[in-house]
Amino acid sequence: MSRLSDNTRGALLMMASMASFTLNDASVKAIGEAIPLAQLLVLRGAFASLFIAVLAWRLSALRFALSRRDWILVLLRAGAEVAASFFFLTALRHMPLANVTALLQMLPLTLTLGSALFFAEPVGWRRWVAIAAGFAGMLLIVRPGTEGFSLYSVYALIAVFCVTLRDLVTRRMSAGVPSLTVTLISSVAVVLFGLVWSLNTPWMPMTPRVSLLVAATVLFIMSGYSLSVLVMRVGAVSFTALFRYTGLVWALVLGFVLFGDWPQPLTLTGAAIIVATGLFTLWREGQIRRRAQAKTRRT
């Protein structure tokens, strides 16, 4: 099968993965405060953890004999995942879906920034300009000091920081550490966090509507995980990664159709800036990676 065909399949799988994760977010938002967040984390996380464990077992990707250094990184990643889940889902309950999703699109920029600051990875002036422009776009979305600014905007930004930390830590793990093993440990950590939190947060009875929405979150998050695994096996990562931004399109559509939310012009402008600078950063990093690989082959 041709390279173009592989890339096309990878792009379609990435778009389907982003659709699944965004539908999961929309289901969580639709649940609202009908049940405590701790209860939702346990219910959704338990089924997701079971699914990931089975998937990892079927793919022979379960391995817990890790080095001490890798275990420290895995547990640090799990802590970042727990924090990201708490802050993101709390923000999601109180902010428009598209606004929260748009802020998450800063990840390519924050990962590049984090790699430069903590790992001394070289970043050229073009990507520095893109990072600065992306942060300006972020300010257009959260608009600190204005009437639209709230604590939940800060929560969303903390979630971006936590996901950035999670991904930076993941990059420092040994190449032999199975990704699904790491994902499983993080998912179980979220469940344990929810159980401990539940000790002081009584569970609420669920109506048929809430039960269906919880089932939907489980279905969509399992679908998202499955598709994201398939994406890594098809096409060039530098190409398929660009289609992560289709999640924002889904968030705009679902936010309007399901919740009647449509971002203000400044928010849309900020989101467009973040997407444009993120796409440029991904393209530029892919270009640099290809040049480095070509140079290695020549030597």
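Values reported hereafter were calculated over all heavy atoms of this structure, with side chains retained and with hydrogens, waters and symmetry mates removed. Along the sequence shown, residues carry numbers from 1.
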With a 4.5 Å heavy-atom cut-off, do [X] and [Y] have their side chains touching?
X	Y	answer
M173	V74	yes
R44	L89	yes
L184	L62	yes
F259	P96	no
Y152	V100	no
V196	L192	no
L41	F86	no

>> Could you report the tightest heavy-atom contact between V169 and L73, atom names first, then the distance?
In response: CG1-O, 3.2 Å
> Is the number of heavy atoms from other residues, nucleotides or ligands within 6.0 Å of CH2 (W57) greater than 12?
Replying inline: no
> For atom CZ of F88, is the number of surrounding heavy atoms from other residues, nucleotides or ligands below 6.0 Å larger than 12?
Replying inline: yes
Mind checking the [atom1]-[atom2] spacing from [X] to [Y]? Nearest 0.5 Å is all I need.
X	Y	atom1	atom2	value
L242	L282	CG	CG	5.5 Å
I274	M138	CD1	CE	7.5 Å
M15	T22	CE	OG1	13.0 Å
L111	M106	CG	CE	10.5 Å
L43	I35	CG	CD1	6.0 Å

Counting N and O atoms only, with roles assigned by atom type, does the side chain of [X] sit under 3.5 Å from a partner on the main chain of [Y], one being a donor and the other an acceptor?
X	Y	result
T217	V214	yes
N24	I221	no
T207	V210	yes
R127	E285	no

> Which of these, L23, L13, T101, T246, sits in a side-chain contact (heavy atoms from CB on, under 4.5 Å) with M18?
Replying inline: T246
>> If the test is side chain to side chain donor-acceptor pair (under 3.5 Å), which one of R77, E81, R166 qualifies with S186?
In response: R77
> S17 and R244: side-chain donor and acceptor closer than 3.5 Å?
Replying inline: no
> Hey, any chance L139 and M95 share a hydrophobic cluster, counting ILVMFWY side chains that come within less than 4.5 Å of each other, even indirectly?
Replying inline: yes
> Has R126 got its NZ or CZ under 6.0 Å from the middle of the six-membered ring of F280, at an angle within 45 degrees of the ring axis?
Replying inline: no
